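First up is the structure itself, then whatever we jot down about it.
Predicted, not measured: the structure shown is a model, and the values here were computed from it. Quick note on labels: first sequence line is chain A, next is B, and so on, each numbered from 1.
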Amino acid sequence: MTTMPKAYDFRATEQRLYEFWEQSGWFKPEAAKNPNAEPFVIAIPPPNVTGELHLGHAMFVSIEDLLIRYQRMKGRRALWIPGTDHAGIATQLQIEKMLRDEGTSREALGREEFLRRAWQWKDKYGGIITQQLRRLGASCDWERERFTLDDGLSRAVREAFVRLYEKGMIYRGTYLINWSPGLKTAVSDLEVEYNEEEVTLYFFKYPLKDSDEFIPVATVRPETILADTAVAVHPDDERYAKFIGRTALVPMLKREIPVIADEAVSREFGTGALKVTPGHDANDYEIGQRHKLPVISIMKPDATLTDEAGPYAGMDRFAAREQLWHDMQQARLTIKTQPYTTNVPRTQRGGEIVEPLISTQWFVRIKPLADQATQIVRDGQIRIIPERFEKVYFNWLDNIKDWCISRQLWWGHRIPVWYCENGHQFTGREDPTQCPECGSTQIEQDPDVLDTWFSSGLWPFSTLGWPDETDDFKTYYPTDVMETGYDILFFWVARMIMLGLDFTEEPPFHTIYLHGLVRDEHGRKMSKTLGNVTDPLTVMDEFGTDALRFTLLTGGTPGNDLNLAISRVASNRNFANKLWNAARFVIGNLNVTADGGRRTVDDEARTTTDERPITDEYVERYDLPSRWIRSRLNRTIHDVTGLLDDYQFGQAGTLAYEFVWGEYCDWYVEMSKLTLNGDDAAAKHNTLATLVHVLDQSLRLLHPFVPFVTEEVWQHLKRAGGEFTEDWDDALMISDWPKGGGFDDDAEQRINMLIEIVRAIRNARVEKKVEPSKKIAATIVVGDLQEEFAPLAEMIARLANVDEEQLYIETSITDKPKDSLALVVPGAEIYLSLAGMVDVGKERDRLEKELQQAEGDIIRLEKLLSGSFAERAPANVVEKERARLADAYARREKLAAEVEGMTQAM
RNA sequence: GGGCGAGUAGCUCAGUUGGUCAGAGCGCCUCGUUUACACCGAGGAGGUCGCGGGUUCGAGCCCUGCCUCGCCCACCA
């Protein structure tokens with residue numbers, strides 16, 4: 001027998017198989033059988049270089065590897081470009097933490113030393129994440145691995161910046177931006193998150209100059225009073241009309257500011273009067289522009305106050321808030337405080353409150369790029385799956401604001417702009433040594449670096465060698481599918497499209513597939529503080545990579561979040577085991593029958609790529625179950641292929657799963673035992689050929705979903721298969737995708753009926769509590785004689801031996817067997833000899849019920865078919881209903897006769 | 001304030017041109033060792049498909065209103 005253990009051991013196979021694949025070079029597109037095949041390319045969403053594997057990674061690897069393996073098997077030159085992202089803020093934070101633990105800081109080290117340490121860190125931890133992607137089975141071409149800060153990509157970033165700069169698409173300016181005091185850098189609008197929080201709303205008096213009167217004002221950030229440059233009221237507000245044009249005094253500072261009127265003030269909110277702080281509030285900034293108000297900035301990068309804050313200079317923003325309020329209370333300038341719920345802006349990374357600050361930063365003029373990016377999707381040149389995200393995409397691009405791309409960090413691509421001592425500003429593809437305008441050699445590079453997303457926005461082409469016209473770029477660009485989480489549609493996807501269109505004049509991919517977030521079992525977001533984080537490595541340790549992958553692929557739908565239920569992972573591990581054991585069965589039989597059971601295999605029997613129609617010869621060759629399973633296989637191949645081409649991965653996987661488990665294992669393997677037990681060598685041979693063929697094709701269908709177990713099983717099958725498998729490829733992963741053959745409706749119909757009959761008998765046996773091992777005699781009446789049913793039904797349903805003439809298959813009978821239990825299924829009647837086991841009264845009730853049901857069906861169907869349904873509904877649908885009606889008539893007749901017979905017997 | 005998604009068996013979820021669509025897995029109940037598999041096999045219980053209208057011969061599936069939960073965008077101090 002076989003040496004395969006009873007249970008599939010993924011621990012013993014996964015790593016070995018991955019190394020086998022990778023070392024064979026099959027992850028490279030150059031390994032394609034046809035060197036001129038059409039390429040299929042995916043650029044990986046680059047994980048943070050120092051990141052750790054989480055379920056989001058597992059999700060994208062599952063989907064992208066599925067796509068890549070599928071297209072590879074279909075013969076495309078499949079290329080999955082791997083790589084990592086330097087992830088500016090995230091990585092710099094980690095390095096700074098390390099330095100803090102060492103008792104030093106980036107400031108103490110200086111820029112150069114800091115970067116040296118950062119690269120050291122990257123070299124140490126940068127390999128971990130890619131190692132973990134391998135663990136997931138990712139069939140990336142690792143020889144093409146890239147990193148956003150490597151030389152090639154840095155050159156791409158430089159080129160991109162210079163081009164935009166020269167076109168006037170990049171500018172430097174002083175504006176109100178989002179400032180992160182913790183990170184001490186500007187962040188873009190997207191990096192600010194608003195959370196509803198309980199804060200305090202402070203009401204106070206704005207005193208007027210030369211008067212005892214005051215204007216009541218409310219604010220949630222009292223410290224910004226110090227930067228006020230006006231008090232504004234609504235022009236139509238009678239309460240405050242008299243103050244317009246007068247002068248107010250900033251509390252404690254007694255700085256004189258005007259009282260102005262502006263439509264932007266809401267009369268209903270707070271006191272109806274507004275303090276205007278152009279230096280620290282976006283709306284106020286606009287009001288300030290309208291009224292030409294001065295802009296005062298009271299905050300330094302670390303959120304301590306500047307000299308403008310007078311006595312509060314040097315204090316932290318929150319300390320200053322308290323102190324100022326205290327002082328104002330002393331000065332009787334306060335009115336009251338009250339709790340207030342509002343959206344507080346916090347940085348995505350650090351989590352501290354973002355401060356709107358006036359600052360000089362670099363921006364990309366985004367509108368022209370956004371318009372192009374909108375158009376390309378509207379034109380259908382890029383398709384987004386699921387489609388609803390197109391609306392979200394359009395909405396964001398339509399309201400886009402210029403992109404702040406400078407960051408006050410050290411870890412990243414330094415902005416390639418230099419300033420000379422004479423105030424000239426210039427860029428260059430190469431680092432300059434002197435000013436191109438005045439020739440001064442006293443030049444200094446801008447200290448800032450670029451937003452991480454600037455470099456990732458170039459990813460699909462920078463990884464292929466752009467801006468050079470490399471072979472890779474020419475061959476593999478544009479890529480095909482961009483697969484990633486919907487949460488980075490704006491951050492990353494939109495920017496790749498904008499920059500891709502601008503630099504390469506082509507959409508960087510034609511399809512965007514967005515997956516959802518992986519949540520915990522009950523739909524909660526996974527977080528360390530909640531303690532509900534599922535580590536994919538732990539899951540893989542326990543259930544195997546295939547089980548995790550299959551769960552992620554079939555457990556949800558595109559664009560929707562997925563609640564990961566461990567019980568599903570467990571059941572998918574069981575599925576891997578099922579495949580394993582089906583193979584053990586097949587392989588065991590191959591070995592056992594090595595002597596007498598086999599005869600020479602001809603091409604006809606092997607049929608790994610049969611496209612042929614169902615011929616007489618074919619029908620002659622294969623027994624009914626084999627014809628049935630081959631036909632079902634062909635249908636499954638057809639459907640799974642269609643679903644995959646339509647990006648319906650979950651459906652495709654489920655279908656293949658159900659075929660393998662529910663039809664091949666549950667029925668065909670069982671039925672094959674009959675033939676394998678017999679002594680018809682030719683029949684045995686054909687059944688074995690079918691067992692091998694269907695398993696092989698099923699493994700191919702499933703390989704993109706569960707690559708490890710399918711490869712392992714396939715290798716065992718290949719080794720044991722002898723003449724059946726001698727022309728197979730070296731590995732499943734490089735085998736051809738199944739083409740599928742014709743459908744054998746006749747065989748399907750017959751086996752379906754057999755299955756119905758067997759189910760009815762099994763059901764009756766359990767209901768009547770017949771010993772499982774006890775054989776019972778039966779008569780089966782089927783319209784058209786199905787002699788093949790006898791031995792199959794005998795075996796599967798444990799009916800009495802046909803040779804003892806206790807199992808009859810008839811086309812019709814005149815007298816019902818005595819003391820029998822009647823069962824009626826569509827197209828057949830069954831009489832089980834259960835002498836003495838049947839309670840006639842109960843039995844009559846049961847049949848009565850079935851009779852009523854049949855009558856109900858008849859009434860419903862007659863009504864349906866007499867109405868306009870028959871005219872309006874499609875012909876095939878009507879036909880189906882007609883057939884059901886005919887069957888109901890037949891059932892009614894049989895059942896009525898039964899019931900009557902039993903009533904008399906009583 | 002605007003937009004989107006979800007609400008289907010106890011739990012986690014499928015269900016794409018409206019016509020066996022009322023399903024799967026897990027859990028539960030009864031049985032069970034026949035050439036693979038107890039990570040198994042056979043059988044079973046369990047749902048008015050969130051609620052109300054409407055369109056249609058026919059609606060989880062389309063339209064409309066409402067309820068609950070979640071998310072995104074905007075951000076009136």
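Donor-acceptor pairing under 3.5 Å is lacking for the side chains of A/Asn560 and A/Tyr486. At a cut-off of 3.5 Å, with distance as the only test, a side-chain donor of A/Ser188 or A/Glu191 sits close to an acceptor on the other residue. Judged purely by distance below 3.5 Å, without hydrogens or angles, the side chains of A/Asn581 and A/Tyr8 never pair a donor atom with an acceptor atom.
Here A/Tyr486 does not reach the OP1 or OP2 of B/G5: none of its side-chain N or O atoms lies under 4.0 Å away. Side-chain N/O atoms of A/Thr557 include one lying less than 4.0 angstrom from OP1 or OP2 on B/A14. Between B/G41 and A/Trp661, a contact under 4.0 Å exists linking OP1 or OP2 to a side-chain N or O. In this model, the phosphate group of B/C37 is approached by a side-chain N or O of A/Lys6 to a distance below 4.0 Å at OP1 or OP2.
Under the Watson-Crick or G-U wobble criterion, with both distances below 3.5 Å, B/A36 has no partner in any strand shown.
Contacts between residues 564-576 of chain A and RNA chain B, counted as heavy-atom distances below 4.0 Å, involve A/Ala565, A/Ser567, A/Arg568, A/Ser571, A/Arg573, A/Asn574.
Taking the syn range as angles within 90° of 0, the glycosidic angle of B/G54 is outside it, so the base is anti.
Candidate nucleotides B/A36, B/G44, B/C11 were compared by shortest atom distance to the side chain of A/His522, and B/C11 ranks first. Of the candidate nucleotides B/C73, B/A77, B/C37, B/A77 has the atom nearest to the side chain of A/Thr342. Side chain of A/Arg519, nearest nucleotide from B/C71, B/A77, B/C40: B/C71. Considering only the side chain of A/Asn563, B/C13 comes nearest among B/C37, B/C13, B/G3.
The structure places CG of A/Leu579 at 11.5 Å from CG of A/Asn574, a figure rounded to the nearest 0.5 Å.
Counting distance only, with no hydrogens placed and no angle test, the side-chain atoms of A/Glu670 and the base atoms of B/A36 include a donor-acceptor pair under 3.5 Å. You'll find a donor-acceptor pair under 3.5 Å spanning the side chain of A/Gln648 and the base of B/U16, going by distance alone. Judged by distance alone, with hydrogens and angles left aside, A/Asn577 brings no side-chain donor or acceptor close enough to the base of B/C37 to form a pair under 3.5 Å.
Looking at which nucleotide of RNA chain B each of A/Asp189 and A/Phe269 is closest to, the 5′-most match is held by A/Asp189. Mapping A/Val669 and A/Val766 onto RNA chain B by nearest heavy atom places A/Val669 at the nucleotide closer to the 5' end.
Considering only residues two or more places apart in sequence or on other chains, A/Asp9 meets the side chain to side chain contact (heavy atoms under 4.5 Å, CB included) condition with A/Arg11, A/Ala12.
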